[in-house]
A.B. asks: 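Quick one: the structure is below, questions incoming.
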Amino acid sequence: MPKGILTKPLVIYAIPTLLSAILYTPQYINKGMERSLFLFAYPVGGYVKMNQDFLYKMNKVLLLVGYVLMPVVIYKFYKTGEPAPLWGGWFEVGIFYSIFSLVALALFVKDRNYFYLVSFFIFVSFVFLSARRSSLLALGATLLIFFFLMRRHIPIRYITAISLLLLLVGGFSSYLLVKKDERFGTLYQIIIRQKPINDETLNKISSLRWKNLKAGVEVIKKDISQGNYLQLLIGHGVNPGYHLEPKSPIGGAYESVMFLSEFIQSGALGLIGILLLYVKYYTFVLRFPLDKENVLFAPFLLTLSILFVGAIFTGFWDALLPLYLIWFKMTEEHRT
């Protein structure tokens with residue numbers, strides 16, 4: 001078995017994901033293979049030779065990509081009402097520009113060039129433009145981890161100034177979202193007690209995740225009552241919401257809380273794999289000796305955090321997850 005702290009959790013997750021797809025959703029066997037076997041791109045990162053010159057080039061390429069994609073995102077938003085990079089939509093904008101924000105911040109800490117600080121706030125504004133709460137939560141949590149790791153190496157005046165500016169950007173963006181987005185508007189109305197907390201408002205706030213959560217719980221209750229022990233162990237396969245009862249109100253996944261949707265798809269084994277993956281990853285990250293000399297590792301170290309936190313209310317799988325695992329393996333090799 002290839003070495004790496006994430007290898008065992010990935011194996012524990014991949015086996016039931018693939019097996020349940022073969023047994024219960026063979027029409028989606030290609031997706032089952034993608035979401036299991038592709039995870040083992042992870043060890044490839046161990047063969048990448050890292051040095052400061054390589055890190056500079058990688059970070060600056062990613063910074064450039066962030067700027068190159070901006071006209072595309074704005075154009076698609078203007079034409080269709082939905083911002084998008086070369087593919088995808090709102091979620092991809094949120095994830096990509098969270099990564100680009102980390103890149104810009106790491107370059108600023110390294111060089112103290114204010115162009116990078118301005119770039120950071122521009123990219124953060126695009127995360128707010130995505131209006132994805134999962135992306136906003138993921139970026140916020142990951143920035144807290146970054147500042148925790150760099151607490152002895154960034155002057156307090158920089159942390160204070162960046163935090164105040166982030167609050168300003170966040171406050172202005174929140175005001176616009178409350179005015180323009182029904183989900184944020186409904187949440188604000190609940191906070192000021194103009195609307196009650198009930199199924200209707202919870203479904204508006206959560207984009208039907210509340211309804212999905214209740215449907216998913218019913219699926220699990222039915223498995224337990226009917227003694228579907230193999231399904232409880234390895235799951236129902238990819239896109240179970242299309243064929244189980246009650247069906248998912250939004251498509252193939254019971255997208256609500258990731259731990260429930262992954263339990264239905266990959267069973268108890270898959271869920272154990274994910275929980276172990278999170279524990280192994282964040283234990284490594286919080287002990288990583290990040291400082292000004294190696295701060296350019298930060299985007300490659302913390303991209304998985306953006307994905308993992310954002311996945312809590314969406315889903316574990318992302319098409320670029322294998323790439324992000326390779327990036328993490330690159331930093332893991334540097335640490336060891």
A.B. asks: Flag yes if more than 12 heavy atoms outside M33 fall under 6.0 Å of its CE atom; otherwise flag no.
C.D. replies: no
A.B. asks: Report yes if the side chains of I274 and I12 come closer than 4.5 Å at any heavy-atom pair, otherwise no.
C.D. replies: no
A.B. asks: Using the rule that Ile, Leu, Val, Met, Phe, Trp and Tyr join whenever any side-chain heavy atoms are under 4.5 Å apart, tell me whether I29 and L19 fall into a single cluster.
C.D. replies: no
A.B. asks: If hydrophobic clusters are built by linking Ile, Leu, Val, Met, Phe, Trp and Tyr wherever their side-chain heavy atoms come under 4.5 Å apart, do F147 and V295 end up in the same one?
C.D. replies: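 In one cluster: yes.
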A.B. asks: I want to check something: taking the side chain as every heavy atom from C-beta on, are L320 and W327 in contact at a cut-off of under 4.5 Å?
C.D. replies: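 L320 does not reach W327 side chain to side chain.
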A.B. asks: Using 0.5 Å steps for rounding, measure from the OH atom of Y229 to the CG atom of D223.
C.D. replies: 10.5 Å
A.B. asks: Taking all non-hydrogen atoms of both residues into account, name the closest pair between P289 and N294 and its distance.
C.D. replies: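 P289 and N294 have their closest heavy atoms at O-ND2, 3.1 Å.
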A.B. asks: Testing the basics here: between P9 and G273, what is the closest heavy-atom pair and its distance to 0.1 Å?
C.D. replies: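 It is CB-O, 3.5 Å.
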A.B. asks: Tell me, please, which residues at least two apart from N239 pass side-chain contact (heavy atoms from CB on, under 4.5 Å).
C.D. replies: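 Checked N239 against side-chain contact (heavy atoms from CB on, under 4.5 Å); matches are Y28, K31, Y242.
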A.B. asks: Rounded to the nearest 0.5 Å, what's the gap from CD on Q226 to CG on L232? Could you check?
C.D. replies: 10.5 Å
A.B. asks: Answer yes or no: is there a donor N or O on one side and an acceptor on the other, between the side chain of T283 and the main chain of K280, under 3.5 Å?
C.D. replies: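 Pair absent, no side-chain N/O of T283 close to backbone of K280.
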A.B. asks: Has E332 got a side-chain atom pairing as donor or acceptor with I5's backbone, closer than 3.5 angstrom?
C.D. replies: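 A pair under 3.5 Å: yes.
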A.B. asks: Do the side chains of Y24 and L230 get nearer than 4.5 Å, heavy atoms only?
C.D. replies: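 Counting from C-beta outward, L230 and Y24 do come under 4.5 Å.
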A.B. asks: Applying the side-chain contact (heavy atoms from CB on, under 4.5 Å) test to Q52, which of E293, K57, K110 qualifies?
C.D. replies: K110
A.B. asks: Does the ring center of Y114 lie less than 6.0 Å from the ring center of F108?
C.D. replies: yes
A.B. asks: Do E245 and K247 have side-chain heavy atoms sitting under 4.5 Å apart?
C.D. replies: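 They are in contact (side-chain heavy atoms under 4.5 Å apart), so the answer is yes.
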A.B. asks: Considering non-hydrogen atoms only, spot the tightest contact between A21 and G32 and give its length.
C.D. replies: CB-CA, 3.9 Å
A.B. asks: Side chains of S305 and T142: donor-acceptor distance under 3.5 Å anywhere?
C.D. replies: yes
A.B. asks: Drop me the distance from I162's CD1 to F120's CZ, to the nearest 0.5 angstrom.
C.D. replies: 6.0 Å
A.B. asks: Can you give me the closest heavy-atom contact between I326 and A41, atom names plus distance?
C.D. replies: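 That closest heavy-atom pairing would be CG1-O, 3.2 Å.
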A.B. asks: Applying the side-chain contact (heavy atoms from CB on, under 4.5 Å) test to T303, which of I99, T331, L323 qualifies?
C.D. replies: I99
A.B. asks: Could you tell me which non-hydrogen atom of L149 sits nearest to which non-hydrogen atom of H153, and how far apart they are?
C.D. replies: O-CD2, 4.3 Å
A.B. asks: Got P249 and K211 here, is their nearest side-chain heavy-atom distance under 4.5 Å?
C.D. replies: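 Yes; the side chains approach each other to less than 4.5 Å.
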A.B. asks: Are V72 and L64 connected into the same hydrophobic cluster when the rule is that any two of I, L, V, M, F, W, Y join if their side-chain heavy atoms are below 4.5 Å apart?
C.D. replies: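 No.
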A.B. asks: Verify whether one side chain among S98 and S135 offers a donor that lies under 3.5 Å from an acceptor in the other.
C.D. replies: no
A.B. asks: Please determine whether side chain to side chain donor-acceptor pair (under 3.5 Å) holds for the pair Y56 and D111, giving the CA-CA distance in whole Å, both sets of side-chain angles, and the decisive distance to 0.1 Å.
C.D. replies: CA-CA 11 Å; Y56 261 118; D111 288 347; 2.7 Å; yes
A.B. asks: Is it the case that the side chains of Y116 and N59 hold a donor-acceptor pair, with the cut-off being a distance below 3.5 Å and no angle test?
C.D. replies: no
A.B. asks: Apply the test side chain to side chain contact (heavy atoms under 4.5 Å, CB included) to residues V109 and I154: give CA-CA distance (whole Å), side-chain angles for both, the deciding distance (0.1 Å), then the verdict.
C.D. replies: CA-CA 7 Å; V109 171; I154 301 178; 3.9 Å; yes
A.B. asks: Using the rule that two of Ile, Leu, Val, Met, Phe, Trp, Tyr join whenever any of their side-chain heavy atoms come within less than 4.5 Å, decide whether L276 and V257 are in one cluster.
C.D. replies: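 In one cluster: no.
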A.B. asks: Check the pair M258 / T314 against side chain to side chain contact (heavy atoms under 4.5 Å, CB included), numbers first and verdict last.
C.D. replies: CA-CA 6 Å; M258 177 194 66; T314 55; over 6 Å; no
A.B. asks: Mind checking whether F288 and F284 have parallel, tilted or perpendicular rings, split at 30° and 60°?
C.D. replies: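 Rings of F288 and F284: tilted, 30 to 60°.
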A.B. asks: Could you state the interatomic distance from CD (Q265) to OH (Y13), rounded to the nearest 0.5 Å?
C.D. replies: 4.5 Å
A.B. asks: If you define the side chain from C-beta out and look only at heavy atoms, does anything of Y324 sit under 4.5 Å from I306?
C.D. replies: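 Of all side-chain heavy-atom pairs linking I306 with Y324, none is under 4.5 Å.
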A.B. asks: Any Lys/Arg nitrogen of E218 or K222 sitting under 4.0 Å from an Asp/Glu carboxylate oxygen of the other?
C.D. replies: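 The answer is no: the pair does not qualify as a salt bridge.
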A.B. asks: So how far is it from T7 OG1 to Y42 OH, rounded to the nearest 0.5 Å?
C.D. replies: 4.5 Å
A.B. asks: Of all heavy-atom pairs between A106 and P299, which one has the smallest distance, and what is that distance?
C.D. replies: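 Looks like CB-CD, 4.0 Å.
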A.B. asks: Begin from the C-alpha positions of Y254 and V217 and carry the test side chain to side chain contact (heavy atoms under 4.5 Å, CB included) through to its verdict.
C.D. replies: CA-CA 9 Å; Y254 289 90; V217 169; over 6 Å; no
A.B. asks: Does the side chain of F297 reach to within under 4.5 Å of the side chain of M50, using non-hydrogen atoms?
C.D. replies: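 They are in side-chain contact.
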A.B. asks: Tell me whether F313 shares a hydrophobic cluster with L144, the cluster being built from Ile, Leu, Val, Met, Phe, Trp, Tyr side chains joined at under 4.5 Å.
C.D. replies: no
A.B. asks: Supply the atom-to-atom distance L304 CG to L321 CG, rounded to the nearest 0.5 angstrom.
C.D. replies: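 L304 atom CG to L321 atom CG measures 6.5 Å (nearest 0.5 Å).
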A.B. asks: Which one of I15, L23, I22, T17 satisfies the side-chain contact (heavy atoms from CB on, under 4.5 Å) criterion with I234?
C.D. replies: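 Exactly one option meets the side-chain contact (heavy atoms from CB on, under 4.5 Å) with I234, and it is L23.
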A.B. asks: Answer yes or no: is there a side-chain heavy-atom contact under 4.5 Å between F126 and V73?
C.D. replies: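 Yes, their side chains come closer than 4.5 Å.
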A.B. asks: Take atom OH of Y75 as the centre, draw a 6.0 Å sphere, and report whether it contains more than 12 heavy atoms from other residues, nucleotides or ligands.
C.D. replies: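 It does not: Y75 OH has 12 such atoms or fewer within range.
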A.B. asks: Could you check, using the six-membered ring where one of them is a Trp, whether Y278 and Y281 have ring centers closer than 6.0 angstrom?
C.D. replies: no
A.B. asks: Just do the side chain to side chain contact (heavy atoms under 4.5 Å, CB included) check on F123 and L63 with the steps written out, would you?
C.D. replies: CA-CA 10 Å; F123 293 157; L63 186 83; 3.6 Å; yes
